[in-house]
S.K.: 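Let me begin by handing over the structure; questions about it come next.
FYI, the numbering just counts along the sequence from 1. Numbering of ligands and ligand atoms starts at 1, following listing order.
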Amino acid sequence: MTHDHEVVVVGAGFSGIGMAARLREMGIEDFVVLDRGNDLGGTWRDNSYPGCCCDVPSNLYSFSFALNPDWSRSFPSQGEIWDYMRDCVDRFGVGEHLRYDHAVDEARWDEASERWVVQAAGHDYRARVLIWATGPLSEPTVPEFPGLSGFRGKVFHSAHWEHGYDLKGKRVCVVGTGASAVQFVPQIAPEVEYLYLHQRTPPWIVPRRDRPVSGLRRALYRKVPALQRVSRLRIYAIFESLLGVFVGRGERRKAAVRKTALDHLAKQVPDEALRRVLTPDYEPGCKRMLLSDDYYPALMRPNVEVVDSPVASFTAHEVVGQDGIARPVDVVIMGTGFEAAEPPYAEHIVGREGVRLSELWKANGVEAYAGSTVAGFPNLFLMIGPNATLAHNSMIYMIESHINYIASALAFMAHPGVHTVEVRPSVQQRYNAWLQKRLEHSVWTEGGCGSWYLDHRGRNTTLWPDHTWKFRRLTRRFHPGEYTVRA
Ligand SMILES: Cc1cc2nc3c(=O)[nH]c(=O)nc-3n(C[C@H](O)[C@H](O)[C@H](O)COP(=O)(O)OP(=O)(O)OC[C@H]3O[C@@H](n4cnc5c(N)ncnc54)[C@H](O)[C@@H]3O)c2cc1C
């Protein structure tokens, strides 16, 4: 069946929902939001592992146009964020535009009709504008470990937590010590029989200091929303001041972060040998900085062992470390993160002259203009595309910047006679040359670690390397002069 729309949005996470709210505000009702899942929420639907929560304080991790005075804690849990997102869908009346169980197999530009043809769930959705909002961290990765397919126990990724599987009394192997593992290990450690935590590189961890939000404070936020706005601004400014840890010469900041993390480790882990194993040998910020108050204490439990050796392979009932030791386990939980630097979604998008985005990016490197538009792909807007993810502040801020940009583009495209817009290759090139120059001397490039920020060539294709307000300025308005406009 074929459906014609002005706009098709792919993805019903924060990006898709926020964009849908803006479309409605602009008076655009002829759109659908397609999602492969059976519910809205994106990241916060998929990652339901025990202890899943946000590393950005609640007051800032929300839309600026939909404050939530009712956060129960200073850092929001997965469940509370998911509820907030449902509330936004109701508040902005976008529910009827959402189409679940609609995995987009292919979106192809049809030159003759100047329409995108989006294939999903056996339907063809034709649209003048395609907004691709499938998220920077929505494709879990599992390394190809030799023997994994022959492992007889249970295996699952943290983004697909098996809630029906009882971990009580099980010998568990956790692979990885990234953001997710740091959150779920303390939750499962008390119930499992034994937990081997296979570590390739220890993360830098600073205190989280999560606390409940008092009823009085919530009532105040409800009565005087400006108070919550002041809190948002304060958190935003503190996070923004951390940019120097990652890019440029923030030597004092870097030293302060290092000291805070090392003091936290020293305070929580008295055992010198374990402390050595947990001390990173690269610059803070090179990998994602983490916040936790319960991770280190969990590692000191008698039933938890940090295996300071990456996983080498699996046998039917064992995990074998690169230390050569085979450890018998019942279940393997992959805390192995997501594919971000070479985004798998590019496989699905085919632009002018049949060029597949993945092929283009394979040949030229993953890049876009302002994290959103790509030469050769008319009327396509990526949300949180290349170099639009953050290491130092709230992603919602970046998402809102993209919403502004796309709304401004759509307003331009509403002019009579404007059919297509396509970013000029020279604009895209100049922008990416600037990005890569700025990234050259960042901690992500020179900090002495590998990370999911980098592609297989070692090029950072994920992070915005500057103040977020500069991204906001860049995306405030769509400039037709930067685009080839076909009338
Ligand atoms: C565990 C975890 C913790 C995080 N913590 C933080 C944090 O502390 N602070 C922060 O700022 N950010 C954090 N993030 C980043 C987070 O992803 C963003 O903040 C934000 O939720 C991204 O929203 P999104 O809508 O762009 O993408 P997503 O939430 O990933 O939504 C994308 C949607 O697209 C759908 N989709 C994907 N492919 C297809 C397809 N082919 N067809 C149809 N639908 C498709 C998916 O089903 C999904 O619903 C975290 C991410 C993860 C995974």
Side-chain angles (χ1 to χ4, degrees), residues 8-20 32-49 51-58 60-63 75-78 81-82 84-85 88 98-107 118-121 125 130-141 157-161 178-184 208 210 235-236 239 288-292 335-340 343-349 371-372 382-385 388-403 452 462 464 468:
V8 164
V9 181
V10 183
F14 266 107
S15 296
I17 290 169
M19 193 69 238
V32 283
V33 182
L34 311 178
D35 200 291
R36 66 184 175 192
N38 61 5
D39 202 345
L40 58 92
T43 294
W44 307 103
R45 173 199 66 217
D46 292 343
N47 292 272
S48 61
Y49 58 77
C52 180
C53 62
C54 187
D55 281 349
V56 171
S58 319
L60 188 59
Y61 197 77
S62 55
F63 289 125
F75 287 89
S77 67
Q78 170 259 341
I81 299 171
W82 202 9
Y84 166 76
M85 294 176 82
C88 286
L98 304 180
R99 305 282 179 275
Y100 299 129
D101 299 311
H102 270 62
V104 172
D105 303 318
E106 186 173 276
V118 181
Q119 293 175 347
Y125 290 86
L130 175 61
I131 300 175
W132 195 267
T134 60
L137 299 176
S138 59
E139 300 294 345
T141 47
H157 190 281
S158 58
H160 298 139
W161 197 270
S180 301
V182 162
Q183 293 184 347
F184 71 73
R208 173 176 282 272
D210 183 25
I235 300 162
Y236 174 81
F239 278 7
R288 192 170 177 85
M289 293 282 310
L290 305 180
L291 283 71
S292 177
T336 41
F338 301 86
E339 179 53 66
Y345 64 72
E347 277 294 327
H348 303 295
I349 305 175
S372 187
L382 307 173
M383 295 189 74
I384 313 300
T389 302
L390 291 180
H392 75 286
N393 214 323
S394 168
M395 283 303 301
I396 308 288
Y397 187 88
M398 299 299 273
I399 288 170
E400 283 195 43
S401 300
H402 267 159
I403 292 174
W452 58 261
T462 52
W464 169 250
T468 56

S.K.: Within the structure provided, determine whether Thr389 and Met398 are in side-chain contact (heavy-atom separation under 4.5 Å).
M.R.: no

S.K.: Any N or O of Ser180 that comes nearer than 3.5 Å to an N or O of ligand 1?
M.R.: no

S.K.: Can you tell me how far SG of Cys52 sits from CD of Gln78, rounded to the nearest 0.5 angstrom?
M.R.: 5.5 Å

S.K.: Within a distance under 4.0 Å of any heavy atom of Val104, pick out the atoms of ligand 1 and give their elements.
M.R.: 40 (C), 41 (N), 42 (N), 43 (C)

S.K.: Would you please determine whether Gln183 falls within less than 4.0 Å of ligand 1 on a heavy-atom basis?
M.R.: no

S.K.: Classify the ring geometry between Phe338 and His157 as parallel (under 30°), tilted (30 to 60°) or perpendicular (over 60°).
M.R.: perpendicular

S.K.: Using a strict 4.0 Å cut-off to heavy atoms of Phe338, name the atoms of ligand 1 that fall inside it.
M.R.: 53 (C)

S.K.: Over 60° means perpendicular and under 30° means parallel, so classify the ring planes of Tyr345 and Trp132, tilted if in between.
M.R.: tilted

S.K.: Which residue and atom name correspond to the protein heavy atom nearest atom 27 (O) of ligand 1, and how close is it?
M.R.: Gly135 CA, 3.0 Å

S.K.: Could you find the nearest protein heavy atom to atom 31 (O) of ligand 1 and give me its residue, atom name and distance?
M.R.: Gly42 CA, 3.5 Å

S.K.: Any non-hydrogen side-chain atom of Trp452 less than 4.5 Å from a side-chain atom of Pro136?
M.R.: no

S.K.: I'd like to check whether Ile399 has a polar contact with ligand 1, where a contact means an N/O of the residue lying under 3.5 Å from an N/O of the ligand.
M.R.: no

S.K.: At less than 4.0 angstrom from any non-hydrogen atom of Cys54, what atoms of ligand 1 do you find?
M.R.: 7 (C), 8 (O), 9 (N)

S.K.: Which residue and atom name correspond to the protein heavy atom nearest atom 11 (O) of ligand 1, and how close is it?
M.R.: Met395 N, 2.8 Å

S.K.: Using side-chain heavy atoms (C-beta onward) and a distance below 4.5 Å, is Arg208 in contact with Leu290?
M.R.: no

S.K.: So if I apply the side chain to side chain contact (heavy atoms under 4.5 Å, CB included) rule between Phe14 and each of Leu40, Ile81, Thr43, which one comes out positive?
M.R.: Ile81

S.K.: Identify, for atom 9 (N) of ligand 1, the protein heavy atom at the shortest distance, and state residue, atom and that distance.
M.R.: Val56 CG2, 3.5 Å

S.K.: For ligand 1, indicate whether the residue Ala133 contacts it via side chain, backbone, both or neither (heavy-atom separation under 4.0 Å).
M.R.: backbone

S.K.: Can you name the atoms of ligand 1, numbered from 1 with element, that are less than 4.0 Å from a heavy atom of Asp55?
M.R.: 7 (C), 8 (O)

S.K.: To the nearest 0.5 Å, tell me how far Asp46 CG sits from Ser48 OG.
M.R.: 8.0 Å

S.K.: Could an N or O of ligand 1 be found under 3.5 Å from any N or O of Ser15, whether backbone or side chain?
M.R.: yes

S.K.: Any non-hydrogen side-chain atom of Phe75 less than 4.5 Å from a side-chain atom of Leu291?
M.R.: yes

S.K.: State, yes or no, whether a side-chain contact exists between Ser138 and Arg36 at a heavy-atom distance under 4.5 Å.
M.R.: yes

S.K.: Which of the numbered atoms in ligand 1 are under 4.0 angstrom from any heavy atom belonging to Ser138?
M.R.: 30 (O)

S.K.: Just jot down the ligand 1 atoms closer than 4.0 angstrom to any heavy atom of Gly11, in number order.
M.R.: 33 (C), 34 (O), 35 (C)

S.K.: Looking at ligand 1, does Met383 have a heavy atom less than 4.0 Å from it?
M.R.: no

S.K.: Aromatic ring centroids of Trp44 and Tyr84 under 6.0 Å?
M.R.: no

S.K.: What I'd like to find out is whether the side chain of Leu130 reaches to under 4.5 Å of the side chain of Val10, using heavy atoms alone.
M.R.: yes

S.K.: Considering only protein heavy atoms, which is closest to atom 44 (N) of ligand 1, and at what distance to one decimal place?
M.R.: Arg36 N, 3.1 Å

S.K.: Are Tyr397 and Trp464 close enough that their ring centers fall under 6.0 Å?
M.R.: no

S.K.: Taking heavy atoms and a distance under 4.0 Å, where does Val10 meet ligand 1: side chain, backbone, both or neither?
M.R.: side chain

S.K.: To the closest 0.5 Å, what do you measure between NE2 (His402) and CG (Leu382)?
M.R.: 8.0 Å

S.K.: Could you identify the single nearest non-hydrogen protein atom to atom 29 (O) of ligand 1 and state the distance to 0.1 Å?
M.R.: Thr43 N, 2.8 Å

S.K.: A side-chain contact here means heavy atoms from C-beta on lying under 4.5 Å apart; do Arg45 and Asp35 qualify?
M.R.: yes

S.K.: Asp46 to ligand 1: N or O pair under 3.5 Å?
M.R.: no

S.K.: Of Thr134, Leu137, Thr389, which has the heavy atom at the shortest distance from atom 37 (C) of ligand 1?
M.R.: Thr134

S.K.: Quick check on contacts: which atoms of ligand 1 are under 4.0 angstrom from a heavy atom of His102?
M.R.: 42 (N), 43 (C)

S.K.: I want to confirm something. Looking only at heavy atoms, which of Ile17, Asp35, Asp105, Leu291 is nearest to atom 49 (O) of ligand 1?
M.R.: Asp35

S.K.: Between Trp44 and ligand 1, find which residue part has any heavy-atom pair under 4.0 Å and reply side chain, backbone, both or neither.
M.R.: side chain

S.K.: Side chain or backbone, does Phe14 bring an N or O within less than 3.5 Å of an N or O on ligand 1?
M.R.: yes

S.K.: Using a 4.0 Å cutoff against the non-hydrogen atoms of Tyr49, which atoms of ligand 1 qualify?
M.R.: 1 (C)

S.K.: Is there a polar contact, in the sense of an N or O pair closer than 3.5 Å, between Asn47 and ligand 1?
M.R.: no

S.K.: Return the closest protein heavy atom for atom 18 (C) of ligand 1 as residue, atom name and distance.
M.R.: Tyr61 OH, 3.5 Å

S.K.: Would you say that Asn393 contacts Leu60 through its side chain, given a criterion of any heavy-atom pair below 4.5 Å between the two side chains?
M.R.: yes

S.K.: For Tyr125, run the side-chain hydrogen bond (donor to acceptor under 3.5 Å, both in side chains) check against His102, Gln119, Arg99 and tell me which one passes.
M.R.: His102

S.K.: Is there any N or O on Glu139 that sits under 3.5 Å from an N or O of ligand 1?
M.R.: no

